[in-house]
Amino acid sequence: VQLQASGGGYVQAGGSLRLSCTFSGEYFSNYVMGWFRQAPGKGGEFVAAITWSTVNTRYGASAKGRFTISRENAKNTVYLQMNSLKPEDTANYFCAAKFTSSVTSTLWEVLGDYDYFGQGTLVTVSS
């Protein structure tokens with residue numbers, strides 16, 4: 001499995017960005033997909049996760065109400081729409097994949113629970 005994130009960039013506070021993560025490998029349907037971020041000098045922080053069915057989603061405290069995770073299963077792609085960005089959202093955003101079941105409703109928030117990680121895409125929010 002390989003994960004490739006894209007869509008990061010430089011944006012002013014209050015702006016929006018949409019990140020994409022492309023999954024290369026088999027059985028995308030058997031993976032819960034998550035987004036994490038890591039700011040300079042800090043550990044990984046859970047941002048959002050989504051099941052195959054897209055019915056179940058979960059957000060970290062910093063993402064609630066501003067970010068939306070979605071996935072387009074036919075394209076093996078997961079997205080993170082980020083609105084009302086703040087300078088504290090500046091970080092490297094990377095996607096992660098957790099092998100499970102296509103019918104699961106369970107979502108994972110701990111980075112160590114995921115099986116695969118991408119390199120990430122850098123988001124910089126200026127004040």
S.K.: Do other residues, nucleotides or ligands put more than 12 heavy atoms under 6.0 Å from the CD atom of Gln2?
M.R.: no

S.K.: Do Thr90 side-chain atoms and Val125 backbone N/O form a donor-acceptor pair below 3.5 Å?
M.R.: yes

S.K.: Please report the shortest heavy-atom distance between Thr51 and Arg71, naming the atom on each side.
M.R.: O-CD, 3.2 Å

S.K.: Let me check something: any side-chain donor-acceptor pairs from residues 24-32 under 3.5 Å, sequence neighbours excluded? List them with distances.
M.R.:
none

S.K.: Arg58: which residues meet the salt bridge (Lys or Arg N to Asp or Glu O under 4.0 Å) condition with it, sequence neighbours left out?
M.R.: Glu109

S.K.: Identify the two heavy atoms, one from Phe94 and one from Gly118, that lie closest to each other, and give their separation to 0.1 Å.
M.R.: CB-O, 3.7 Å

S.K.: Is there side-chain contact between Met33 and Ile69, with at least one heavy-atom pair below 4.5 Å?
M.R.: no

S.K.: Please tabulate, for side-chain N and O atoms in residues 4-21, each donor-acceptor pair with protein atoms closer than 3.5 Å (sequence neighbours left out).
M.R.:
unit_1	atom_1	unit_2	atom_2	d
Tyr10	OH	Ser126	OG	3.4
Ser16	OG	Asn83	OD1	2.9

S.K.: Taking only residues two or more places apart in sequence, or in another chain, which ones meet Tyr59 in a ring-ring contact (aromatic ring centres under 6.0 Å, His included)?
M.R.: none

S.K.: Would Trp108 end up clustered with Val47 when hydrophobic side chains under 4.5 Å apart are linked, directly or stepwise?
M.R.: no

S.K.: Side chains of Ser62 and Arg37: does their closest heavy-atom pair fall under 4.5 Å?
M.R.: yes

S.K.: For residues 33-57, which residue pairs qualify under ring-ring contact (aromatic ring centres under 6.0 Å, His included), counting only residues two or more places apart or in two chains?
M.R.: Phe36-Phe46, Phe36-Tyr114

S.K.: Residues in salt bridge (Lys or Arg N to Asp or Glu O under 4.0 Å) with Lys75, at least two apart?
M.R.: Glu72

S.K.: What about Phe99 and Leu107, same hydrophobic cluster or not, with Ile/Leu/Val/Met/Phe/Trp/Tyr joined at side-chain heavy-atom distances under 4.5 Å?
M.R.: no

S.K.: Holding to salt bridge (Lys or Arg N to Asp or Glu O under 4.0 Å), I want the full list of residues that pass it with Arg66, two or more places apart in sequence or in another chain.
M.R.: Asp89

S.K.: Quick one: ring-ring contact (aromatic ring centres under 6.0 Å, His included) pairs with a partner in residues 62-85, sequence neighbours left out?
M.R.: none

S.K.: Could you pull out all residues at least two apart from Val110 that satisfy side-chain contact (heavy atoms from CB on, under 4.5 Å)?
M.R.: Asp113

S.K.: Under the rule for side-chain contact (heavy atoms from CB on, under 4.5 Å), what residues qualify as partners of Thr22, not counting sequence neighbours?
M.R.: Thr77

S.K.: Once ring-ring contact (aromatic ring centres under 6.0 Å, His included) is applied, do any residues pair with Tyr93, and if so which ones, sequence neighbours excluded?
M.R.: none

S.K.: Applying a strict under-4.5 Å side-chain criterion to I, L, V, M, F, W and Y, I'd like to know whether Phe117 and Val78 cluster together.
M.R.: no

S.K.: Please name all residues satisfying ring-ring contact (aromatic ring centres under 6.0 Å, His included) with Tyr116, sequence neighbours left out, ordered by chain then number.
M.R.: none

S.K.: Roughly how far, to the nearest 0.5 Å, is CG of Leu80 from OG1 of Thr68?
M.R.: 8.0 Å

